[in-house]
Amino acid sequence: MIRVALADDQVLVRAGFRALLAAEDDVEVVGEASSGTELLELVRREPVDVVLMDIRMPDGDGLWATEQIAADPQLAGVRVVIVTTFELDEYVARAVRAGASGFLVKDTEPVDLIRAVRVVAEGEALLSPGVTKRLLERMSIGLRDAPDESLLAALTDREREVLRLVGLGLTNDEIAERLVLSPLTAKTHVSRIMSKLAARDRVHLVVVAYESGLVAPGWQ
């Protein structure tokens, strides 16, 4: 059973999500919150696998709440999906850097919302890294003024090359083809990189690729 928490200051939005998820046999909505502070109380009180999180809420917005969840070792199993208006939420990319596992737009199709909950609950990124990369570029997020190469200190040259390709949005199969590797070898490299960087998912790897200077906006 996937345990979901809903965080949005609009009652109708929460009610709509709850009604949709309640129809699924493997999903349970364990609670709702109308603010960041209320959500933190909820996830620390109830076991939660996935949070559907709005950015703009009173008394601790979604960005702040995401940072708090990501920084708390006791909440390491909680995955945050940002539910946003997309063009208007300039802080969404900061939420990903803080540990969010992906995005949904509020007018997403119901089947995509349900799929997103299941994908994130399994520990995967909600969106493909390529989509996330385009989002980071589009929103002009505040990445470091100068690349932080120290982020790559633990990686081998091959792992840095793999991370660069992850940052460009390539899948494991595409990385294998580009580097003339077997898909299993490419997957192993990605897994080792995630372990060395303590990355929650591939979305985090995309962010590291940007912050380290391995990838810059517009690169192919």
Side-chain angles (χ1 to χ4, degrees), residues 1-22 27-108 112-114 116-127 131-132 135-136 139-143 198-208 211:
M1 184 67 69
I2 302 171
R3 296 158 299 192
V4 178
L6 308 175
D8 196 297
D9 61 344
Q10 298 183 41
V11 176
L12 288 178
V13 172
R14 298 199 310 271
F17 285 164
R18 175 181 279 274
L20 180 63
L21 296 172
V27 179
E28 176 187 6
V29 176
V30 297
E32 301 180 15
S34 60
S35 70
T37 299
E38 188 177 344
L39 173 69
L40 286 179
E41 293 174 354
L42 171 60
V43 297
R44 287 168 175 158
R45 183 178 68 248
E46 300 285 346
V48 172
D49 300 309
V50 178
V51 176
L52 296 181
M53 178 94 75
D54 185 25
I55 283 286
R56 299 180 178 183
M57 297 185 293
D59 191 20
D61 63 16
L63 173 59
W64 174 82
T66 299
E67 291 172 337
Q68 298 304 306
I69 290 172
D72 189 338
Q74 294 185 348
L75 300 178
V78 179
R79 296 288 182 263
V80 175
V81 176
I82 300 298
V83 184
T84 176
T85 51
F86 195 70
E87 285 92 352
L88 300 180
D89 288 328
E90 63 272 20
Y91 297 118
V92 169
R94 284 180 55 197
V96 170
R97 294 173 66 195
S101 294
F103 307 95
L104 284 176
V105 290
K106 285 190 174 179
D107 60 354
T108 193
D112 292 329
L113 173 68
I114 295 167
V117 168
R118 292 184 175 127
V119 167
V120 172
E122 293 174 357
E124 298 295 328
L126 169 59
L127 298 181
V131 172
T132 303
L135 177 63
L136 297 179
M139 300 185 72
S140 301
I141 65 171
L143 295 176
R200 293 169 69 94
D201 51 43
R202 289 177 74 107
V203 174
H204 187 189
L205 293 186
V206 174
V207 175
V208 173
E211 291 202 317

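For the numbers below, each heavy atom of this structure counts, side chains included, while hydrogens, waters and symmetry mates do not.
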Item to complete: Enter the distance from Asp9:CG to Ile55:CD1 here, rounded to the nearest 0.5 Å.
Response: 12.0 Å
Discussion item. On a heavy-atom basis, which atom in Glu32 and which in Arg14 lie closest, and how many Å separate them?
Written reply: OE1-NE, 2.8 Å
Worksheet item: With a 4.0 Å cut-off, would you call Arg3 and Glu46 a salt bridge?
Response: no
Worksheet item: Any donor and acceptor pair, going by atom type alone, linking the side chain of Arg79 with main-chain N or O of Ala121 inside 3.5 Å?
Response: no
Item to complete: Specify the closest pair of heavy atoms between Leu104 and Asp112, including all atoms of both residues, with the distance to one decimal.
Response: CD2-O, 4.4 Å
Worksheet entry | Separation of Glu41 CD from Ser35 OG (nearest 0.5 Å) | 7.5 Å
Discussion item. Donor-acceptor check, side chain of Thr66 to backbone of Ala100, threshold 3.5 angstrom: yes or no?
Written reply: no
Discussion item. Between Val83 and Asp8, does the side chain to side chain contact (heavy atoms under 4.5 Å, CB included) criterion hold? Intermediate values first, please.
Written reply: CA-CA 9 Å; Val83 184; Asp8 196 297; 5.7 Å; no
Response to the item:
Nearest heavy-atom approach of Pro58 to Ser34 is CD-O, 3.6 Å
Worksheet item: Side chains of Val4 and Phe17: closer than 4.5 Å at any heavy-atom pair?
Response: no
Discussion item. Looking at every non-hydrogen atom in both residues, tell me the closest pair between Met53 and Ala65 and how far apart they are.
Written reply: CE-CB, 3.7 Å
Item to complete: Report yes if some heavy atom in the side chain of Trp64 is under 4.5 Å from a heavy atom in the side chain of Leu40; otherwise report no.
Response: yes
Discussion item. Restricting to non-hydrogen atoms, name the atom on Val43 and the atom on Leu75 that form the minimum distance, rounded to 0.1 Å.
Written reply: O-CD2, 3.6 Å
Worksheet entry | With Leu52, the side-chain contact (heavy atoms from CB on, under 4.5 Å) member among Leu6, Val120, Ile82 | Leu6
Worksheet item: Hey, what do you get for CG (Asp54) to CG (Leu39), rounding to the nearest 0.5 Å?
Response: 11.0 Å
Discussion item. Using every non-hydrogen atom in the two residues, find where Gly31 and Leu42 come nearest and quote the distance to one decimal.
Written reply: C-CD2, 3.6 Å
Discussion item. Using 0.5 Å steps for rounding, measure from the CG atom of Asp59 to the OG1 atom of Thr37.
Written reply: 3.5 Å
Worksheet item: Are the side chains of Val80 and Ile69 in touch, meaning some heavy atoms are under 4.5 Å apart?
Response: yes
